[in-house]
Structure formats: structure tokens, C-alpha cells
Amino acid sequence: MFQKNTTLGEFIIDKQKHFKYTTGELSRLINSIRLAAKVVNHEVNKAGLVDILGNASDINIQGERQQKLDVYANNIFMQTMTNRQIVCGVASEEEDDFVSIHSKNGGDNNKYVVLIDPLDGSSNIDVNVSVGTIFSIYHRVTPVGTPVQLEDFLQKGTKQVAAGYIIYGTSTMLVYTTGHGVNGFTLSPAIGTFYLSHPDMKFPETGSIYSINEGYYSHFPQGVKDYLKYCQEDTEDRPYSARYIGSLVSDFHRNMIKGGIYIYPTSSKAPKGKLRLLYECNPIAFLTEQANGLATDGYKRILEIEPTELHQRVPFFCGSKSMVDKVHSYMNQYPDDE
Ligand code: P6P
């Protein structure tokens, strides 16, 4: 067990020994994400002061108006990955297609690809509510030295090498896993260093918080409606508390620490759900399972879903094991809703 106040840099180097024959590429990649996070954090923290509020001119592939900070964060992460020549390709929520990153010495000799939501929950920026970056890292499946292909990105979540998020909240934290548990690092603004503040993070087995946008209640599957009724019953351990920030990273981070469940189900407005499989649900699901929680589409593990499209959406149920099991018991009463 690491001592608190270990720096992220020291931690990455020490964890490197978990990877046989490591070339240090993954360490350099996580270090580059750390650098980009500091740069984005600097801008997020002064968003109210400079002309990066309000809507950029573009509409992204999601059909959402791009907030200027979305575009800025995307550019920072893209530039960092490109300039440091550590990955052969990046897929981003803000980019219609994946971006190939050709190494300077010809061909694409890097073995990792990154999928990223550079600033999730960005509609909260103008009202000073916390937002986050989510990232997912895979080994490429096509031969090293050839241009990266779509199949390098359309991999099941079980194949992830690493995943994590940065939460730009009351403090800025980087939380990640390489498949050996989940660890959280808090940025010291005075020094600009991330320190280990939350070693070996684990979901409590149960909790009393549920996170869902109940505005869409009338459109939810019956199993979700039944579960919400269960949450709101007046019993010895209920009603639970409803806590929904509208920022996945923030709701997830709180629920992982306190215990809870986050649900974004199908609805008439989002017939396949709203959250994107590859750069929101898979990385959060990897962290969840590493922290002894459960992450499903209401029926099966998120990490087992075979991707078919870069920006595909899935229903998302994620959190404390007993709470996800309970909502499943309701969902399984309506298999036709699957
Ligand atoms: P709604 C932000 O756009 C996001 O992807 C998640 O961060 C958040 O939990 C969800 O969508 C909010 O969606 O429909 O409730 O506004």
C-alpha cells in the first residue's frame, strides 16, 4: 500500500513493474494525460474570467453545441498526444472520426490508442458546476508500423489497458486504474503536483444515493420506474437521497466514495440511452469493477458489449453492487424492454 502524498509520477514509475517487458510507453502516456489535465484545469478554473464561456460556433457529432472549453480541452489533449508521439490514434467525443497520429520516424510505431471525452458535462461550465475528462487506453490490434484503423478503437471494454478521469471540482483529481485497483490523486495548485490522496478506492457494498434525471420518468422502462418507487418507499433504510449533478464524472466520483447508483436508461428521447459506450461507459465501467462495483446496460456487463460504432450509445447502470443487483431484479421482470 502506498503512502499518501506519494506523487503521481513516483506512483506511475513504481506501478510500471506490473507490466512485463514494459517499454515505459504506458507510463509516458499517463504522464502526458497528467500534463494535459493541468493545462485544462488552469483554463477551467478561470472559465468565468475569459472569453471562453458560451457556445462555440460548431455543433459536434452528438448534435450538441460545442462549448468553447470543450473545443479547448479537446485541442489540448489532441496536441499533447500528437506532440509526444506516444499513441498511434485518438478518438474523441468532439471529433467525428478517429485521428491517426503518425510517428515522426515514419509509420505508426506506437502501440496504444486513446479514446477520450475531453470535457464531459460541459453544459455545467457556465454555472460553475464541476466537469470532467474521461479517458480509455487500449493496445492497438492492427500491426505496429501500419496506419491505425477503426478496429483499433472498436474493442470490448474488457480489453482496456488503463482508464480514468480528471474531475475539475472543489479540488482537481486524477483517478485511474491499470487493472490493479483504483487510485485517486489530488492536484496541489500551489506546487502543480498530483499527490496520492485516495489509495485503493472501493465502492461501498451498498449506499443510499441514486443519480438519475427523473425529468424523463414517464419515458423510463417499467423496471426503472419500479426501482425508483423502491428507492422512495418510507422504510427503515429508505427513502434514499436523490443526487444528480448532470455531470457523469461528478456523480460517479461521489457515489464511489459514499456508495450509490447512477442510472441513465433508455427513454423516448434517448432510445439507446444517452451515454457513449467507448469513451464514457467503458472507462467508468472498468474503474467500477476495479472498485468492486457493477456496471451494466441493465442486463449485462458494459465491458462485454461488442462495439459497432465509434459514438454508439448504451443504457448505463453503475455503482454499488447490491444497488445494481436490486435494479436488475426489477429490469429482469420486463425482458422485452431489453
Ligand atoms: P441529461 C453530460 O452531457 C452527460 O453526458 C453526463 O455527464 C451526464 O450525466 C448526462 O449527460 C446528463 O444528461 O439528459 O440528464 O442532461
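Note that ligands are numbered from 1 as they come in the structure, with each ligand's atoms numbered from 1 the same way. Starting from 1, each residue takes its place in the sequence as its number.
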Which of the listed options, Val131, Ile284, Asp120, Ile134, holds the heavy atom that is closest to atom 5 (O) of ligand 1? Asp120

For Asp251, which part has a heavy atom under 4.0 Å from ligand 1: side chain, backbone, both, or neither? neither

Glu205 with Lys321: basic N within carboxylate O range, under 4.0 Å: no

Once the angle between the rings of Tyr230 and Tyr227 is folded into 0 to 90°, is it parallel (under 30°), tilted (30 to 60°) or perpendicular (over 60°)? parallel

Plane angle bin for Tyr240 and Tyr210 - parallel if under 30°, tilted between 30 and 60°, otherwise perpendicular: tilted

Which atoms of ligand 1 are found less than 4.0 Å from any heavy atom of Tyr244? 1 (P), 9 (O), 10 (C), 12 (C), 13 (O), 15 (O)

Output the list of atoms in ligand 1 that are nearer than 4.0 Å to some heavy atom of Glu280, sorted by atom number. 5 (O)

Which residues satisfy the salt bridge (charged side-chain N to carboxylate O under 4.0 Å, His left out) test with Arg254, sequence neighbours excluded? Asp251

Any Lys/Arg nitrogen of Glu151 or Arg140 sitting under 4.0 Å from an Asp/Glu carboxylate oxygen of the other? no

Below 4.0 Å, non-hydrogen atoms only: which portion of Leu248 touches ligand 1? Side chain, backbone, both or neither. both

I'd like to check the salt bridge (charged side-chain N to carboxylate O under 4.0 Å, His left out) partners of Glu214; sequence neighbours left out, ordered by chain and number. none

Atoms of ligand 1 under 4.0 Å from any heavy atom of Tyr264, numbered from 1 in the order shown, are 1 (P), 13 (O), 14 (O), 15 (O)

Could you name the option among Tyr216, Tyr262, Phe316 that has the heavy atom nearest to atom 9 (O) of ligand 1? Tyr262

